[in-house]
**Q** 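Next up is a structure, given as structure tokens.
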Amino acid sequence: MCSPTKRNQWREDLQHFRKDHGFSKKVLLNCCLVRRIITWASPNPKDSVEDELELSAVRHRPEGLEQLEAQTRFSRKELQILYRGFKNECPSGVVNEETFKDIYSQFFPQGDASTYAHFLFNAFDTDHNGSVSFEDFVMGLSILLRGTIQEKLNWAFNLYDINKDGYITKEEMLDIMKAIYDMMGKCTYPVLKEETPRQHVEVFFQKMDKNKDGVVTIDEFIDCCQNDENIMRSMHLFENVL
């Protein structure tokens, strides 16, 4: 548990983090994994990420700070805040799928978040080794919070492309939609009918599959999303689900 002094310092740092980069509290803290990790963070201005790495017996050690700064849109201070929270939540230095499921089950107790957590874990686990390192986490987070529309759409396509073959099928899109509805559970009003996910998928898929070959390529996906005002608005909802 953080001391009151450290907790106040963390709150001040978080306020500057939001103010400097235009993030509302709702957008930042609605990101379940981010919220869980930042809640644990208790930055001490005298410490550095290198100090943390030297003093912590972790199974996975992140890359150099300069390299992460170059690869993401986070500053040194921001990476320090995120790393402390990540390390406190995941002392081994990596997150496994069960941790993802545990986090999402706590934030969505009224539904079943396990399937969505599984798909999201696979999207963050870019090298498909069964774990999400700090590098994986901040790379994905950098795209979702600060990436261009193109980058965000590429990330979303990767989420929907469950088997990672470069195409989205109607079944894959339906699996993701069902997982989101299952996660929300009784949270929706009015309560959604069982056939609602399939109906939504039919509409989206018809718009995206322009050549009617039964699959959606990344070019079709991006072109459709960029030219559809409703879908573009849904990108913000996608961020908040995370």
**Q** For the aromatic rings, using the six-membered ring if either is Trp, is the centroid distance between Phe124 and Trp155 under 6.0 Å?
**A** yes
**Q** With a 4.0 Å cut-off, would you call Arg146 and Glu151 a salt bridge?
**A** no
**Q** Looking at CE of Met183 and CD of Gln110, how far apart are the two atoms once the value is rounded to the nearest 0.5 Å?
**A** 9.0 Å
**Q** Would you say Asp209's side chain and Gly214's backbone share a donor-acceptor pair under 3.5 angstrom?
**A** yes
**Q** In Å and rounded to the nearest 0.5 Å, what is the CE to CD distance from Met177 to Gln199?
**A** 11.0 Å
**Q** How would you list, by chain and number, every residue that makes a salt bridge (Lys or Arg N to Asp or Glu O under 4.0 Å) with Lys178, sequence neighbours excluded?
**A** none
**Q** If the condition is side chain to side chain donor-acceptor pair (under 3.5 Å), which residues does Gln206 pass it with, not counting sequence neighbours?
**A** Lys212
**Q** Counting N and O atoms only, with roles assigned by atom type, does the side chain of Gln71 sit under 3.5 Å from a partner on the main chain of Leu68, one being a donor and the other an acceptor?
**A** no
**Q** Could you tell me which residues satisfy side chain to side chain contact (heavy atoms under 4.5 Å, CB included) with Asp136, sequence neighbours excluded, listed by chain and number?
**A** Thr126, Asp127, Val132, Ser133
**Q** What closest approach, in Å, do Phe134 and Leu79 show between heavy atoms, and which atom pair accounts for it?
**A** CZ-O, 3.8 Å
**Q** Give a yes-or-no answer on whether the side chains of Tyr181 and His200 include a donor-acceptor pair shorter than 3.5 Å.
**A** yes
**Q** Tell me the closest heavy-atom pair linking Ala113 and Phe108, and the distance in Å.
**A** CB-CB, 4.4 Å
**Q** Would Phe74 and Leu141 count as a side chain to side chain contact (heavy atoms under 4.5 Å, CB included) here? Give the steps.
**A** CA-CA 9 Å; Phe74 294 121; Leu141 189 61; 3.8 Å; yes
**Q** Considering non-hydrogen atoms only, spot the tightest contact between Phe86 and Gly93 and give its length.
**A** CE2-O, 3.4 Å
**Q** Which residues pass the side chain to side chain contact (heavy atoms under 4.5 Å, CB included) test with Asn96, sequence neighbours left out?
**A** Glu98, Thr99
**Q** Return the set of residues passing side chain to side chain donor-acceptor pair (under 3.5 Å) with Asn158 (not counting sequence neighbours), or none when no residue passes.
**A** Lys164
**Q** Among Val201, Ile162, Val216, whose side chain to side chain contact (heavy atoms under 4.5 Å, CB included) with Glu172 holds?
**A** Ile162
**Q** Mind checking side chain to side chain donor-acceptor pair (under 3.5 Å) for Asp219 and listing every partner two or more places apart, or none if nothing turns up?
**A** none
**Q** Would you check if His118 and Asn122 make a side-chain contact, meaning some heavy-atom pair closer than 4.5 Å?
**A** yes
**Q** SG of Cys224 to CZ of Phe204: how many Å apart, nearest 0.5 Å?
**A** 9.0 Å
**Q** Residues in salt bridge (Lys or Arg N to Asp or Glu O under 4.0 Å) with Glu97, at least two apart?
**A** Lys101
**Q** Measure the OH-CG distance between Tyr116 and Asp175 for me, rounded to the nearest 0.5 Å.
**A** 14.0 Å
**Q** Should Gln67 and Glu135 be marked as a side chain to side chain contact (heavy atoms under 4.5 Å, CB included) after you check the CA-CA gap, both sets of side-chain angles, and the distance that decides it?
**A** CA-CA 10 Å; Gln67 186 171 347; Glu135 295 95 323; over 6 Å; no
**Q** Asp223: what forms a side chain to side chain donor-acceptor pair (under 3.5 Å) with it, not counting sequence neighbours?
**A** Lys210, Asn227
**Q** Write down the atom of Cys225, the atom of Leu153, and the distance for their closest heavy-atom approach.
**A** CB-CD2, 3.7 Å
**Q** With sequence neighbours excluded, tell me which residues meet side chain to side chain contact (heavy atoms under 4.5 Å, CB included) with Gln150.
**A** Thr148, Asn154, Ile222, Gln226
**Q** What's the spacing between Leu159 CG and Ile168 CD1 if we round to 0.5 Å?
**A** 8.5 Å
**Q** Going by heavy atoms in the side chains, are Asp161 and Asn163 under 4.5 Å from each other?
**A** yes
**Q** Are Met139 and Tyr83 connected in a single hydrophobic cluster, I mean Ile/Leu/Val/Met/Phe/Trp/Tyr linked by side-chain heavy atoms less than 4.5 Å apart?
**A** no
**Q** Between Ser142 (side chain) and Arg73 (backbone), is there a donor-acceptor pair under 3.5 Å?
**A** yes
**Q** What residues, two or more places apart in sequence or in another chain, satisfy salt bridge (Lys or Arg N to Asp or Glu O under 4.0 Å) together with Glu69?
**A** none
**Q** How would you list all residue pairs meeting salt bridge (Lys or Arg N to Asp or Glu O under 4.0 Å) that involve residues 103-125, not counting sequence neighbours?
**A** none
**Q** Hey, what's the ring geometry for Tyr160 with Phe221, parallel, tilted or perpendicular (30° and 60° as the breaks)?
**A** tilted
**Q** Sequence neighbours left out, what passes side chain to side chain contact (heavy atoms under 4.5 Å, CB included) with Val215? Give chain and number order.
**A** Tyr167, Thr169, Asp213
**Q** Taking all non-hydrogen atoms of both residues into account, name the closest pair between Val95 and Phe100 and its distance.
**A** CG1-CD1, 3.5 Å
